[in-house]
Structure formats: C-alpha cells, structure tokens
There are 2 protein chains.
Amino acid sequence: MTDTVRPGRAERVAKLPPRERILDAAEELFHSEGIRGVGVQAVADRAGTTKAALYRHFGTKDALVAEWLLIVAAEYASAFDGIEERWRDDPRAQIRGVAAFVADGLSALSHRGCPFVNSLAELPDPSHPARQVIEAHKARQLRRLTAMCVGAGLADPEEAAAEITFALEGAQVSVQNGSVARVGERVVALVDAVIAWHGP
Amino acid sequence: MTDTVRPGRAERVAKLPPRERILDAAEELFHSEGIRGVGVQAVADRAGTTKAALYRHFGTKDALVAEWLLIVAAEYASAFDGIEERWRDDPRAQIRGVAAFVADGLSALSHRGCPFVNSLAELPDPSHPARQVIEAHKARQLRRLTAMCVGAGLADPEEAAAEITFALEGAQVSVQNGSVARVGERVVALVDAVIAWHGP
DNA sequence: ATGTTACGGTACCGACCAGTCCCACACGAT
DNA sequence: ATCGTGTGGGACTGGTCGGTACCGTAACAT
C-alpha cells in the first residue's frame with residue numbers, strides 16, 4: 001500500500017541530479033539543525049543518495065558548507081537585484097524594500113535567523129573555507145546598501161548604511177529569542193527613522 | 001627545571017574550588033570555540049580537573065552550558081545595575097551608558113559576539129535547558145531597557161527599547177564579520193539617534 | 001583513630017563522526 | 001556487444017564524543 005503512484009519527497013526531487021539534491025538537503029538541514037548538528041550521512045539520506053556520492057561531488061563537509069552558503073549568498077544577491085529593479089530610480093524606496101524583504105523573511109515559521117550569522121557562530125576557525133564566503137557576502141551587502149544610501153542623497157551614506165545593517169542584523173537576531181514583539185514592523189520603522197535622520 | 005616556584009596557569013587558579021575552575025574553563029572555551037566544538041574532556045583539562053569531577057558537579061554537559069550562561073547573564077545584570085547606579089536620575093544617560101557598555105565589549109580582541117546569540121545558533125533544540133536561560137536573559141534586558149525609556153520620557157518606550165535592542169544586537173553581530181568599520185562609535189550614534197527620534 | 005566526603009586519575013562503554021573503499025548496476029557512446 | 005562512467009548500497013577505519021564506573025588518597029569532622 002505504500003508503493004502507490006503518489007510520489008514521496010524523495011521522488012519529487014529525484015529528477016534533479018544528485019549534486020542539486022545534496023545541496024537542497026544541506027540547505028534544509030544545516031539551517032534548521034546547525035552545521036555541527038548534522039552529519040554527512042543525514043545529508044546524504046535526505047538527498048536520497050549516499051555519502052560516497054556526496055564526497056565525489058564536494059570532497060569535504062567543509063566544502064559542502066561553503067558551497068551551500070555560496071548559493072544562499074547568490075539568492076540574497078538576486079533578491080537585491082529584484083529590489084533595485086523594482087524601484088529603479090527611487091533609492092529611498094529601495095532601502096525600504098530591503099527592510100521589508102528582511103522583515104518578510106522574519107515571519108518564516110520557526111525562523112532560525114540569518115544562516116551566515118549562525119554559521120559564523122558555529123565556525124570560529126578563521127581559516128574555514130566558509131568564512132570567506134560569509135565575509136564576502138556581508139561586505140557585498142554593505143556595499144550595495146551604501147550605494148543605495150548614496151543614491152538617496154543621505155548626508156553620510158557609510159554611516160547610514162552601517163546603522164541600517166545594525167538594524168537588519170539585530171532584527172534577525174531578536175526574532176530568534178521571542179523577547180521582542182512585532183519585529184517586522186519595528187525594523188521597518190527603525191530603518192525609516194535612520195533614512196529620515198540622515199536625509200537631506 | 002619545570003617545577004620552579006613560578007606558578008603555572010593551573011596553579012594560579014588552583015585555590016578556587018573545582019566547580020569554579022570548571023565554570024571558568026567553560027566560559028573561556030565555550031565562548032571562543034563554540035559549545036559543540038568543545039568536549040567535556042577539554043573543559044576538565046583546562047580546569048585542571050577530571051571529567052569525573054565535572055559530572056559530579058553538573059551531571060550533564062547541557063546543564064554545564066546552562067549554568068555557564070546563567071553566570072554570564074548575572075554579569076550582564078550587574079553591569080546594568082552599575083549603569084543605573086552611576087546615572088541614578090538620568091535615564092537618558094543610562095541608555096547611553098548601556099550603548100557605551102556594549103560598544104566597549106566590542107573592542108575585546110577576537111570578539112566572538114554575544115554568547116547568548118551564538119549559543120542560540122548552536123542549540124536549535126527548543127527544549128535545551130540553556131534555551132530558557134537565554135530567553136529569560138533577553139526578556140529581562142529588554143524589560144530594563146524599556147524601563148529606562150519610560151524614565152527618559154520617550155513617547156513610545158516599548159518601540160524605542162525594541163529599536164535600541166536591534167541596534168545593540170546588530171552591532172555585536174556585525175563586528176564578527178569585519179564588514180562594518182567603527183562599529184562601536186556607530187552603534188552609540190544610532191542609539192543616540194533613536195533616543196532623539198523618540199524623545200519629547 | 002575512624003568514618004565521610006570530595007577529589008584526581010584512569011580505564012572503559014556505546015554511539016556517532018568524517019572520510020575511504022569496493023561492489024553491482026544502469027546508462028550512454030562507440 | 002562492449003566499454004566507461006556515475007550511481008546507490010554498504011562495509012569499514014580511526015578518532016572523538018558524552019557519560020559511567022572504579023580506585024587510591026587527601027582533608028576534615030568526630
């Protein structure tokens with residue numbers, strides 16, 4: 001009775017090559033359970049493949065972690081692209097769009113915070129291959145935010161971008177421990193205030 | 001020649017009872033290497049004692065983690081006490097004092113961020129004994145910050161306290177990845193701006 | 001002197017870890 | 001038909017993990 005035509009989870013993604021399935025599984029498990037809390041066997045199992053295939057493609061757990069974060073960084077970057085595209089000549093609205101994007105991400109159920117921040121907490125070794133991915137992503141994000149602040153004509157764009165970064169990161173952290181309520185609205189309000197504060 | 005009178009690290013703290021030495025070792029190792037990255041054997045070694053003694057006192061690694069965080073929370077609380085005492089009838093200065101306190105903590109070399117946030121990233125299990133310690137601490141800190149905002153006569157103290165919390169948490173996160181410069185000054189500036197923004 | 005207690009030391013357990021190896025099978029190209 | 005390649009399956013290694021049990025001893029109270 002279990003072998004009906006209804007495709008199970010493993011079969012739904014069975015059409016993708018093993019490499020993509022492994023990355024999907026890593027995405028899900030690393031984010032929800034933590035990197036060190038997930039063994040490569042568990043990743044291979046959820047991907048419907050084996051450890052051998054995993055090591056054939058990535059060579060190392062650390063490399064898999066780095067590649068996973070690289071994909072997440074690309075997703076963030078394309079979200080930024082969409083925001084810049086949508087409010088093409090209104091940098092102020094772009095900044096608000098970024099804040100709204102983060103606020104939306106907060107409502108994801110059982111939110112575990114920013115994958116980069118969590119990974120940073122789990123990987124204290126500065127030579128870990130994932131570290132440069134994280135730092136590059138954060139630096140790039142700050143650069144884009146700074147460019148938006150420049151475009152918005154803010155008096156001190158670097159300062160404003162830094163403060164907005166604090167707000168966004170802080171909101172993602174605060175949503176993990178349930179102390180602060182209505183985090184989404186409040187981070188948007190704070191970013192708005194920062195824009196107004198530095199505005200022309 | 002190695003058994004001179006110069007006391008080694010183990011002897012410097014040898015006067016403290018084993019329980020305190022274990023907690024000191026846990027503090028150091030858990031914070032710098034991460035909870036899951038440190039074995040109980042390593043904690044016992046650095047404490048100059050044995051795993052047996054560690055388990056006699058704490059029963060479980062998880063319990064040791066919880067007790068460590070309890071101590072850190074108490075240290076934060078007493079720092080808040082000192083700040084409230086120092087600017088006894090100037091709540092606005094108290095808030096700035098909190099921001100300066102956090103900013104000072106950022107300059108600690110090889111800063112690994114807030115132990116509570118890092119632990120949260122490492123302990124996704126909501127039933128972990130350390131989780132309630134973390135949540136209680138964060139809630140308490142927000143409550144005290146809100147009280148300061150009330151005392152300062154801010155228009156919307158809950159909102160202001162939440163935004164200040166975002167700023168402080170975000171600064172601690174941002175200092176881990178070196179993307180943002182001058183984090184200390186900037187978080188103080190942001191908190192100042194929030195006060196002014198909500199102020200009467 | 002005697003008993004109690006906490007201590008340091010160590011051997012040990014079962015479980016899990018990252019990583020390796022070999023095998024049988026399905027496929028596509030020639 | 002044959003070959004090479006990537007695959008899923010599983011056994012295996014060496015090491016580390018959290019946690020337990022046992023022992024001899026030093027400190028202290030009585």
Side-chain angles (χ1 to χ4, degrees), chain A residues 3 7-26 29-30 32-69 119 122-125 127-130, chain B residues 3 7-26 29-30 32-69 119 122-125 127-130:
Chain A
D3 51 339
R9 209 199 85 89
E11 302 193 34
R12 263 188 287 117
V13 291
K15 293 301 178 59
L16 286 78
R19 191 169 202 279
E20 321 302 322
R21 283 180 296 166
I22 291 169
L23 283 169
D24 281 352
L29 291 176
F30 286 156
S32 65
E33 309 284 339
I35 295 169
R36 289 207 260 225
V38 175
V40 289
Q41 180 68 66
V43 176
D45 286 350
R46 176 170 283 246
T49 181
T50 61
K51 280 207 297 179
L54 189 152
Y55 278 98
R56 246 178 262 130
H57 281 287
F58 301 97
T60 285
K61 182 185 182 181
D62 291 342
L64 172 60
V65 172
E67 205 130 352
W68 158 56
L69 289 175
S119 299
E122 282 201 283
L123 308 174
D125 178 10
S127 69
H128 192 287
Chain B
D3 51 339
R9 209 198 86 89
E11 302 194 34
R12 263 188 286 118
V13 291
K15 293 299 177 61
L16 284 79
R19 190 169 202 280
E20 322 301 323
R21 283 180 306 179
I22 291 170
L23 283 169
D24 281 352
L29 291 176
F30 286 156
S32 66
E33 308 285 339
I35 295 169
R36 289 207 259 226
V38 174
V40 290
Q41 180 69 67
V43 176
D45 286 350
R46 175 169 285 244
T49 180
T50 61
K51 279 209 296 179
L54 189 153
Y55 278 97
R56 247 178 260 131
H57 281 288
F58 300 97
T60 284
K61 182 185 182 182
D62 290 342
L64 172 62
V65 172
E67 206 130 353
W68 159 54
L69 289 176
S119 300
E122 282 201 283
L123 309 174
D125 178 10
S127 68
H128 193 287

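Note that the structure is a prediction, hence the values are computed from the model and not measured. Computed over heavy atoms, backbone and side chain alike; hydrogens, waters and symmetry mates excluded.
- Between Leu29(B) and Trp68(B) the shortest side-chain heavy-atom distance does not fall below 4.5 Å.
- Closest approach of Pro124(A) to Arg36(A), counting heavy atoms only: CD-NH2, 3.7 Å.
- Comparing dA18(C), dC21(C), dG9(C) by their closest approach to the side chain of Ala52(A) singles out dC21(C).
- The side chain of Arg56(B) places no N or O atom within less than 4.0 Å of a non-bridging phosphate oxygen (OP1 or OP2) of dG9(C).
- When all heavy atoms of Asp62(A) and His128(A) are compared, the closest pair comes out as OD1-NE2, 2.9 Å.
- Comparing Ile35(A) and Ala53(B) against DNA chain C, the residue whose closest nucleotide sits nearer the 5' end is Ala53(B).
- Tested against Ile22(B), the residues Val40(B), Leu64(B), Leu16(B) include a single side chain to side chain contact (heavy atoms under 4.5 Å, CB included) partner, Leu64(B).
- With a cutoff of under 4.0 Å to any heavy atom of chain B, the contacted region of DNA chain D is bounded 5' to 3' by dG18(D) to dA21(D).
- With contacts defined as side-chain heavy-atom distances shorter than 4.5 Å, the pair Ile35(A)/Lys61(A) qualifies.
- Between Phe30(A) and Leu69(A) the shortest side-chain heavy-atom distance does not fall below 4.5 Å.
- One atom, CG of Asp45(A), and another, P of dC17(C), lie 10 Å apart when rounded to the nearest Å.
- Side-chain contact between Arg19(B) and Glu67(B) is present, with heavy atoms from C-beta onward closer than 4.5 Å.
- Between the NZ atom of Lys51(B) and the P atom of dG8(C) there is a distance of 15 Å, rounded to whole Å.
- Each of Lys61(A) and His57(B) was assigned the nucleotide of DNA chain C with the nearest heavy atom; the assignment lying further toward the 5' end belongs to His57(B).
- Counting any heavy atom pair closer than 4.0 Å across all strands shown, Thr50(B) reaches a base atom.
- The CD atom of Gln41(A) sits 12 Å away from the C1' atom of dG19(C) (whole-angstrom rounding).
- At the heavy-atom level, Val38(B) lies under 4.0 Å from the strands shown only through sugar-phosphate atoms.
- As a whole-Å value, the separation of Arg21(B) CZ from dC7(C) C1' is 9 Å.
- Residue Phe58(A) contributes atom CZ, which lies 15 Å from atom P of dA18(C) at whole-angstrom precision.
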